[in-house]
Number of protein chains: 2
Amino acid sequence: MSDLLERLRGRGWRMTAQRRVVAEVLDGDHVHLTADEVHARAAARLPEISRATVYNTLGEMVSLGEVIEVATDKRAKRYDPNAHRPHQHLVCGQCGQIRDVHPSGNPLTDLPASERFGFTISDVEVTYRGLCPSCAQAA
Amino acid sequence: MSDLLERLRGRGWRMTAQRRVVAEVLDGDHVHLTADEVHARAAARLPEISRATVYNTLGEMVSLGEVIEVATDKRAKRYDPNAHRPHQHLVCGQCGQIRDVHPSGNPLTDLPASERFGFTISDVEVTYRGLCPSCAQAA
DNA sequence: TGCTTGACTTAGACATTGTCCATTGTAGGA
DNA sequence: TCCTACAATGGACAATGTCTAAGTCAAGCA
């Protein structure tokens, strides 16, 4: 059963076939699909689902804080259902593979007050870049 | 005088009016323009410059390592001429203002081997998000 | 079960950002 | 000054995302 679906249902979300399919497609660990990939997978189960619905649904899940937008790739946004646990990302520069990772420290404390320019900081995103084992071997 | 321009010239870059204008527009601290903004500012000085040239020129400066692509914004890539000194970014979620910042620690050491999935990590990008003083006051 | 209603979905036009290519122009060396 | 390779142009195309008007349907209620 889909955790994500459960949480959305619990928030009084009106449930439709389209929303269910989008939530199911997006559920799991190390899942980081683009809107287009979500649409393709959703359409495999529900052929008449439209792109606009996928964008709307993803946007709503992001507003509800159940899904996170990730900009690891410089083309399309990716969607990460793992919003309940803070984590960062590790990206292979060759094949684009993405893993969720959990650094030990808190990067927030690394920014001295003198470097904050008076900003109120609420969030830190860290992206580690490199090569995955198979791409490193091929290189 | 433009530091960026100096460095590019020093690499035997063939100098044209268009490239000079792009380099001049991009020079400075805390500069993070989108390709489109670069084009607009360049066109103010050299009206017939084309979009393709701006994209090509930016792409070359990135390849040469003299300019960095930044994905703080989820729409367009931004270009940062401050490539000679490693730094991270602080972004206002309201007005989009971006500052270059220099955290004290090395975020690389925060990622334990068990969380590296065998990747060879070569780079870390950190983006601090929050509100700048004026947006925080308005909120 | 069968209405009613407002929220949801749809298709497609449109907007923005970025890439490509064939042609024309030009910087810099002989 | 002339040549030649490299650069610039502009317009078509591609990818991603947004918007709108009209149709459809989930959920509450009689």
Side-chain angles (χ1 to χ4, degrees), chain A residues 5 8-26 32-64 66-80 96 98, chain B residues 5 8-26 32-64 66-80 96 98:
Chain A
L5 204 49
L8 291 169
R9 212 196 299 273
R11 284 162 174 267
W13 223 38
R14 178 164 156 183
M15 193 49 59
T16 66
Q18 291 82 353
R19 290 177 166 189
R20 189 179 354 264
V21 168
V22 169
E24 284 171 1
V25 159
L26 209 56
H32 308 88
L33 299 171
T34 63
D36 214 50
E37 287 163 352
V38 171
H39 179 240
R41 297 190 187 195
R45 301 203 212 173
L46 191 66
E48 68 278 21
I49 193 170
S50 78
R51 282 190 332 127
T53 297
V54 171
Y55 278 103
N56 288 342
T57 306
L58 290 171
E60 280 156 23
M61 295 193 301
V62 170
S63 301
L64 290 172
E66 293 294 347
V67 163
I68 291 173
E69 269 179 9
V70 181
T72 53
D73 176 321
K74 278 166 189 159
R75 284 163 64 87
K77 293 177 198 170
R78 292 181 174 275
Y79 293 87
D80 183 337
I98 304 173
Chain B
L5 205 49
L8 291 168
R9 213 196 296 274
R11 284 162 173 267
W13 221 38
R14 179 164 155 184
M15 193 49 59
T16 67
Q18 290 82 351
R19 289 178 167 191
R20 184 173 5 258
V21 169
V22 169
E24 284 171 0
V25 160
L26 208 55
H32 308 88
L33 299 171
T34 64
D36 213 51
E37 287 163 352
V38 172
H39 179 242
R41 296 190 188 196
R45 300 203 213 172
L46 191 67
E48 68 278 20
I49 192 170
S50 79
R51 281 190 333 124
T53 297
V54 171
Y55 277 103
N56 288 341
T57 305
L58 290 171
E60 282 156 23
M61 295 194 300
V62 170
S63 302
L64 289 171
E66 293 294 348
V67 164
I68 291 174
E69 269 178 10
V70 181
T72 52
D73 177 321
K74 278 164 190 160
R75 284 162 65 86
K77 294 178 199 170
R78 293 181 173 274
Y79 293 88
D80 182 338
I98 303 173

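These numbers were taken from a predicted model, which means no experiment stands behind them. Order of the sequence lines fixes the chain letters, A, B, ..., with proteins taken first and strands second; residue numbering starts at 1 for each chain.
Consecutive Watson-Crick or G-U pairs involving DNA chain D, each under 3.5 Å on both distances, make up stems of three or more pairs at C:1-30 with D:1-30.
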**Report entry** Base versus backbone protein contacts along nucleotides 18-30 of chain C [heavy-atom cut-off under 4.0 Å; B, S, -]
**Finding:** BBB----BBBS--
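A heavy-atom distance below 4.5 Å is not found between the side chains of A/E37 and A/V25. Contact annotation: the side chain of B/E66 never approaches that of B/W13 to less than 4.5 Å [non-hydrogen atoms, C-beta and beyond].
Atom C1' of nucleotide D/dT16 and atom CD of A/E37 are separated by 13 Å, given to the nearest angstrom. Regarding B/E48, its CD atom lies at a distance of 18 Å from the P atom of D/dA7, rounded to whole Å. The separation between A/Q18 atom CD and C/dT10 atom C1' is 9 Å, rounded to whole Å. The CZ atom of A/R19 sits 14 Å away from the C1' atom of C/dT10 (whole-angstrom rounding). For the pair A/E60 CD and D/dT18 C1', the computed distance is 14 Å after rounding to whole Å. Nucleotide C/dT10 holds its C1' atom 12 Å from the CG atom of A/L46, rounded to whole Å. Residue A/L33 contributes atom CG, which lies 16 Å from atom C1' of D/dT16 at whole-angstrom precision.
In this model, the phosphate group of D/dT9 is approached by a side-chain N or O of B/T53 to a distance below 4.0 Å at OP1 or OP2.
Looking at B/H39, its side chain does come within 3.5 Å of a backbone N or O of B/I49 through a donor-acceptor pair. Distance alone, capped at 3.5 Å, is enough to place a donor-acceptor pair between the A/R19 side chain and the A/R14 backbone. In this structure a side-chain-to-backbone donor-acceptor pair under 3.5 Å is present from B/R78 to B/H32. When atom types are taken as modelled, the side chain of B/R9 and the backbone of B/M15 share no donor-acceptor pair closer than 3.5 angstrom. Side chain of B/E60 to main chain of B/T57: no donor-acceptor pair is present (N/O by atom type, distance under 3.5 Å, no hydrogens or angles).
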Report task. Give the C-alpha distance, both sets of side-chain angles, the deciding distance and a yes or no for side-chain contact (heavy atoms from CB on, under 4.5 Å) between B/V62 and B/Y79. Result -> CA-CA 9 Å; B/V62 170; B/Y79 293 88; 3.9 Å; yes
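Of the residues A/L58, A/D80, A/V38, the one that meets the side chain to side chain contact (heavy atoms under 4.5 Å, CB included) test with A/L33 is A/V38.
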